[in-house]
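Read through the structure below, which is laid out as structure tokens, and then see the notes.
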Amino acid sequence: MSTQDEFTPPKVWSWEQESGGTFASINRPIAGATHDKDLPHGEHPLQLHSMGTPNGVKVTVLLEELLAAGHAGAEYDAWMIKIGDGDQFGSGFVDMNPNSKIPALMDYSGDTPVRLFESASIMMYLAEKFGAFIPEHARAECFNWLFWQMGSAPYLGGGFGHFYHYAPYKMEYPINRFAMEVKRQMDVLDRHLADNEYFAGGEYSIADMAIWPWYGRLAQGKAYEAGEFLDVESYTHVQRWTKQIAERPAVIRGRIVNVAWGADNEQLPNRHSAADIDAVLAKSAS
């Protein structure tokens with residue numbers, strides 16, 4: 001590295017200009033709403049406000065899995081929050097999640113509305129509410145891997161994904177640093193899946209639903225255009241697992257909700273009934 005590329009931090013950091021790269025225009029060092037905007041409200045008790053990023057997909061997959069398992073009370077409205085447009089800083093959304101991150105969910109089924117933010121909190125709440133997808137015999141193991149994902153994914157997304165794919169220019173040190181960590185994480189997953197069908201053992205759980213949108217999609221080569229760079233095909237047990245999860249009907253349904261990009265049969269910005277998903281998926285046959 002040449003000396004002109006080096007950065008000497010000031011004694012006190014101040015926000016003087018955008019950092020550059022994708023999403024730079026919405027990044028800021030303070031919290032709170034930037035504008036007044038009420039959130040829409042549908043007919044179902046569960047109101048999800050999200051976007052089909054990996055963290056959003058976790059929740060919509062779980063909701064679709066609950067519906068597929070016969071839990072009619074899991075019917076939901078899903079409203080698109082366009083994070084690139086700053087929707088997450090509207091006053092209504094900030095009231096739901098003061099951290100201004102998707103997903104956020106309101107449950108109006110009881111006497112007192114319950115607000116939920118952080119994807120793992122939402123998943124645990126829904127799984128416990130409906131008594132599903134937390135194996136009683138492997139409850140601790142399920143939670144181990146659920147929270148492994150919460151602690152690990154920032155290195156994949158905010159670390160590797162940012163510097164490899166979104167940053168304004170390529171930087172050797174951070175790309176190498178985070179590529180090494182992501183490959184270590186993939187090896188952790190691969191070693192576990194060598195002896196286990198799913199992350200909580202022999203039973204599909206919210207741990208799989210949380211890990212798949214991040215690491216399963218990475219293994220499929222669908223994240224950050226980095227499949228070859230990270231040699232994802234070499235993680236054979238992760239490959240077996242991600243294919244198995246991807247073929248589940250509820251996963252196919254959940255991963256298109258709150259999506260407004262890609263193929264026509266893979267995007268549904270707002271979802272209010274099963275028929276909405278059916279109509280989008282039917283486009284693949286036309």
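Side-chain atoms are counted along with the backbone in the values below, which use heavy atoms only and exclude waters and symmetry mates.
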Apply salt bridge (Lys or Arg N to Asp or Glu O under 4.0 Å) to [X] and list each qualifying residue two or more places apart in sequence or on a separate chain.
X	value
D36	none
E197	none
K222	none
R240	none

Worksheet item: Please, which pairs that meet side chain to side chain donor-acceptor pair (under 3.5 Å) have at least one residue in residues 88-105, sequence neighbours excluded?
Response: none

Item to complete: May I have all residue pairs that pass side chain to side chain donor-acceptor pair (under 3.5 Å) and include part of residues 104-116, sequence neighbours excluded?
Response: D107-S109, D107-Y125, D107-K129, S109-K129

same_hphob_cluster([X], [Y]) at 4.5 Å side-chain heavy-atom cutoff:
X	Y	result
F130	L105	yes
W79	M106	no
V94	I102	no
M180	Y155	no
F93	F117	no

How long is the straight-line distance from [atom2] of [Y] back to [atom1] of [X], given to the nearest 0.5 Å?
X	Y	atom1	atom2	result
F160	Y224	CZ	OH	8.5 Å
W212	Q149	CH2	CD	13.0 Å
F229	H165	CZ	NE2	13.5 Å
D195	H192	CG	NE2	8.5 Å
D208	L193	CG	CG	8.0 Å
M96	L116	CE	CG	8.0 Å

Worksheet entry | CA sep, side-chain torsions, deciding dist, call: V257, D276, side-chain contact (heavy atoms from CB on, under 4.5 Å) | CA-CA 9 Å; V257 177; D276 293 336; over 6 Å; no

For [X], what residues pass the side-chain hydrogen bond (donor to acceptor under 3.5 Å, both in side chains) criterion, not counting sequence neighbours?
X	answer
E43	none
E128	R139
Y198	Q244
D264	none

Determine whether [X] and [Y] make a side-chain contact, defined as any pair of heavy atoms from C-beta on separated by less than 4.5 Å.
X	Y	value
S119	M150	yes
F199	N144	no
P29	W13	yes
V259	E266	no
L218	V182	yes

Worksheet item: Partners of W148 by ring pair (Phe, Tyr, Trp, His ring centres under 6.0 Å), sequence neighbours excluded?
Response: W145, Y215

Determine whether a donor-acceptor pair (N or O, by modelled atom type, separation under 3.5 Å) exists between the side chain of [X] and the backbone of [Y].
X	Y	answer
Q47	G42	yes
N270	M80	yes
E141	G201	no
N265	K283	no

Worksheet item: Any ion pair linking D187 and R191 (charged N to carboxylate O, less than 4.0 Å)?
Response: yes

Item to complete: Please determine if R28 forms a cation-pi arrangement with F89, meaning its NZ or CZ atom is less than 6.0 Å from the six-membered ring centre and no more than 45° off the ring axis.
Response: yes

Worksheet entry | More than 12 heavy atoms of other groups within 6.0 Å of F143 CZ | yes

Worksheet item: Looking just at side-chain N and O atoms, do H272 and D77 make a donor-acceptor pair shorter than 3.5 Å?
Response: yes

Worksheet entry | Side-chain donor-acceptor pair present, N196, W241, cut-off under 3.5 Å | no

Discussion item. So which atom in Q267 and which in G262 form the shortest heavy-atom distance, rounded to 0.1 Å?
Written reply: NE2-O, 2.9 Å

Fill in: Nearest non-hydrogen partners of L230 and K183, listed with the distance
O-NZ, 2.8 Å

Quiz: residues 61-69 side-chain donor-acceptor pairs under 3.5 angstrom, not counting sequence neighbours:
from : atom 1 : to   : atom 2 : distance (Å)
E64  : OE1    : R253 : NE     : 3.3
E64  : OE2    : Y76  : OH     : 2.7
E64  : OE2    : R271 : NE     : 3.4
E64  : OE2    : R271 : NH2    : 3.4
E65  : OE1    : R248 : NH2    : 3.2
E65  : OE2    : Y204 : OH     : 2.8
E65  : OE2    : R248 : NE     : 2.8

